[in-house]
K.L.:
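The structure under discussion is supplied below as structure tokens; questions concerning it will follow.
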Amino acid sequence: MRFSKTLTNWYSVNKRELPWRQTIDPYTIWLSEIILQQTQVKQGLPYYYSFLDEFPSVHHLAEADEEKVLKLWQGLGYYSRARNLHGTAKYIVNELNAEFPNTYKGLLKLKGVGDYTASAIASICFNEPAAVVDGNVYRVLSRYFGIDTPINSTKGIKEFKALAQELIDKEMPGEHNQAIMEFGAIQCKPKNPDCNICPFNDSCIAFSEHRITELPVKLKKLKVKKRYFNFLVLLSEDFNTVLEQREGKGIWQNLYQFPLIETESEMDIEEFRAKIKDNELLNESRYRLSLYNEKSIIHKLSHQHLYTKFWILNIDEIKTKSIPVNNIKNYPVPILIGNFIDTFRFK
DNA sequence: AAATCGGGGCA
DNA sequence: TGCCCAGATTT
């Protein structure tokens with residue numbers, strides 16, 4: 001309650017005068033919330049005006065052609081918002097007798113309305129204590145409470161929603177929700193917030209621990225590349241094998257590995273037999289091919305997943321440079337290779 | 001759980 | 001450039 005009190009006090013002094021703050025009409029609030037998804041106020045403002053001008057009510061919007069709606073949306077991005085906006089307007093007019101759902105749960109069923117928007121409309125228009133969690137809220141809460149759970153992880157999403165719900169002022173949830181978002185947008189900014197004039201600087205964990213720049217934590221979504229590694233584990237009658245040293249750039253630089261054949265997809269034994277038919281390591285030799293692991297071992301690196309198969313080649317004699325299997329543990333190898341060596345019986 | 005969807009502002 | 005913005009939906 002203390003938290004919400006300080007917040008709304010700050011809000012009453014510092015809030016911007018924005019047009020959608022003059023009303024609690026659900027159509028108007030809904031329109032503003034859809035426009036403001038992933039969009040800064042400054043960018044969305046002219047669209048808000050032109051939409052209200054062109055479509056003063058949900059009826060006007062419902063009766064418009066989609067093409068006209070999209071044209072008006074042009075330049076704002078995320079165009080599914082415009083299509084859902086239009087479709088939902090028609091749905092509300094035709095199926096709901098032009099009446100908006102008046103609960104969080106009901107609002108959530110509308111296309112284009114997710115957790116955030118349903119909470120925003122429910123709290124602002126219908127005084128339902130449903131906490132909003134947008135980018136601003138993640139930032140404010142993670143800093144004030146010093147929470148480093150990644151905000152884009154499943155755990156983080158649940159954790160911050162629950163915390164926000166605990167903090168909400170149930171008497172005036174709409175005011176509280178807008179206050180915390182405005183606070184995040186103006187005071188607790190992503191970069192260079194002026195903590196010296198912050199009303200929370202006597203109790204903010206991130207401020208006292210100098211972690212403002214570290215919070216909130218966000219998982220980088222790097223696309224993990226899949227690679228298919230086939231290692232040739234040669235094994236001769238006299239217990240020799242072959243290791244090669246990795247060179248050049250990339251992973252495992254200068255470490256040792258069994259001769260590697262990288263492929264574009266997973267190999268089965270017949271494909272692989274054909275693949276190595278003319279391999280110089282096996283030149284003129286007779287050998288027996290078998291697969292050590294039927295299912296690929298998936299070795300996960302930060303930026304790539306290695307789908308790995310170890311192919312065993314029992315061979316009479318190795319004609320290229322080879323080493324005794326007894327010495328194999330002297331070589332530095334990637335853990336992926338090391339694990340194989342530890343479990344494979346060479347003799 | 002991860003990919004996709006936009007365009008603009010800012011350091 | 002990289003990150004963020006009053007996120008939602010699909011894969």
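Note that the coordinates shown come from a computational prediction; the quantities given were computed from them, not determined experimentally.
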K.L.:
Indicate whether OP1 or OP2 belonging to C:dA8 is found under 4.0 Å from a side-chain N or O atom of A:Thr117.
P.N.:
yes
K.L.:
A:Gln38 side chain N/O closer than 4.0 Å to the phosphate oxygens (OP1, OP2) of C:dC5?
P.N.:
no
K.L.:
Return the value, rounded to whole Å, for the distance between atom CH2 of A:Trp73 and atom C1' of B:dG7.
P.N.:
12 Å
K.L.:
Does the side chain of A:Arg139 get closer than 4.0 angstrom to OP1 or OP2 of C:dC5 through an N or O atom?
P.N.:
yes
K.L.:
If you check every side-chain atom of A:Pro190, which of C:dC4, C:dG7, C:dA6 has the closest atom?
P.N.:
C:dC4
K.L.:
For atom P, what is the distance between C:dA6 and B:dA3, given to the nearest Å?
P.N.:
25 Å
K.L.:
By nearest nucleotide on DNA chain C, pick out whichever of A:Leu110 and A:Thr39 is the more 5' one.
P.N.:
A:Thr39
K.L.:
Applying salt bridge (Lys or Arg N to Asp or Glu O under 4.0 Å) to A:Asp268 and A:Lys309, what does each step give before you reach the verdict?
P.N.:
CA-CA 10 Å; A:Asp268 64 34; A:Lys309 289 183 175 177; over 6 Å; no
K.L.:
Considering every strand and a 4.0 Å limit on heavy-atom distances, what is the contact class for A:Gly184: base, sugar-phosphate, or nothing?
P.N.:
nothing
K.L.:
Rounded to the nearest angstrom, tell me the gap between atom CG in A:Asn152 and atom P in B:dT4.
P.N.:
16 Å
K.L.:
Output the rounded distance in Å from OH (A:Tyr47) to P (B:dG8).
P.N.:
7 Å
K.L.:
Which part of the nucleic acid does A:Leu18 contact within heavy-atom distance under 4.0 Å: base, sugar-phosphate only, or nothing?
P.N.:
base
K.L.:
With nearest nucleotides of DNA chain B determined for A:Ser80 and A:Gln40 from heavy-atom distances, which residue corresponds to the more 5′ nucleotide?
P.N.:
A:Ser80
K.L.:
Which heavy atom in A:His59 sits nearest to a heavy atom in A:Ala98, and how many Å separate them?
P.N.:
CE1-CB, 3.5 Å
K.L.:
Separation of A:Tyr48 atom OH from C:dA6 atom C1', in whole Å?
P.N.:
14 Å
K.L.:
Could you tell me whether the side chain of A:Gln43 has a donor or acceptor atom within less than 3.5 Å of a complementary atom in the base of B:dG7?
P.N.:
yes
K.L.:
Hey, does A:Lys42 reach any base, or is it just sugar-phosphate, or nothing, if we go heavy atoms under 4.0 Å?
P.N.:
nothing
K.L.:
Choose from B:dG6, C:dT9, B:dA11 the nucleotide whose nearest atom is closest to any side-chain atom of A:Lys191.
P.N.:
B:dA11
K.L.:
Let me see the working for A:Glu182 and A:Arg16 under salt bridge (Lys or Arg N to Asp or Glu O under 4.0 Å), right down to the final yes or no.
P.N.:
CA-CA 8 Å; A:Glu182 188 78 339; A:Arg16 295 167 287 185; 2.8 Å; yes
K.L.:
Considering the options A:Phe200, A:Phe3, A:Tyr11, which one meets the ring pair (Phe, Tyr, Trp, His ring centres under 6.0 Å) requirement together with A:Phe183?
P.N.:
A:Phe200
K.L.:
With ring pair (Phe, Tyr, Trp, His ring centres under 6.0 Å) as the test, pick out the partner of A:Trp311 among A:Phe272, A:Phe258, A:Phe229.
P.N.:
A:Phe272
K.L.:
Nearest to the A:Glu182 side chain among B:dG6, C:dT9, C:dA6, which nucleotide is it?
P.N.:
C:dA6
K.L.:
If you assign A:Gln37 and A:Lys155 each to the DNA chain B nucleotide with the nearest heavy atom, which residue ends up on the more 5' nucleotide?
P.N.:
A:Lys155
K.L.:
Using a heavy-atom cut-off of under 4.0 Å over every strand shown, decide if A:Arg83 touches base, sugar-phosphate, or nothing.
P.N.:
nothing
K.L.:
Would you indicate whether the side-chain heavy atoms of A:Trp20 and A:Ile124 approach each other to under 4.5 Å?
P.N.:
no
K.L.:
Give the rounded distance in Å between these two atoms: CD1 of A:Ile186 and C1' of C:dC5.
P.N.:
14 Å
K.L.:
Touch check for A:Leu76, heavy atoms < 4.0 angstrom, all strands: base, sugar-phosphate only, or nothing?
P.N.:
base
K.L.:
Within the structure shown, what part of the strands sits under 4.0 Å from A:Trp20 by heavy-atom distance: base, sugar-phosphate, or nothing?
P.N.:
base
K.L.:
Calculate the interatomic distance between A:Leu36 atom CG and B:dG8 atom C1'; express it in whole Å.
P.N.:
14 Å
K.L.:
What do you reckon, is CD of A:Gln165 surrounded by more than 12 foreign heavy atoms closer than 6.0 Å?
P.N.:
yes
K.L.:
What is the nucleic acid contact for A:Asn177, judged by heavy atoms within less than 4.0 Å: base, sugar-phosphate only, or nothing?
P.N.:
nothing
K.L.:
Quick one: A:Arg81 CZ to C:dG7 P, roughly how many Å, whole number?
P.N.:
9 Å
K.L.:
If you pin A:Asn84 and A:Glu33 to their nearest nucleotides in DNA chain C, which one's is more 5'?
P.N.:
A:Glu33
K.L.:
With heavy atoms under 4.0 Å as the rule, sort A:Val41 into base, sugar-phosphate or nothing.
P.N.:
base
K.L.:
Take the protein atom NZ of A:Lys161 and the nucleotide atom P of C:dA6, then report the distance between them rounded to whole Å.
P.N.:
18 Å
K.L.:
Is there a side-chain contact between A:Tyr79 and the phosphate of B:dG7, meaning an N or O under 4.0 Å from OP1 or OP2?
P.N.:
yes
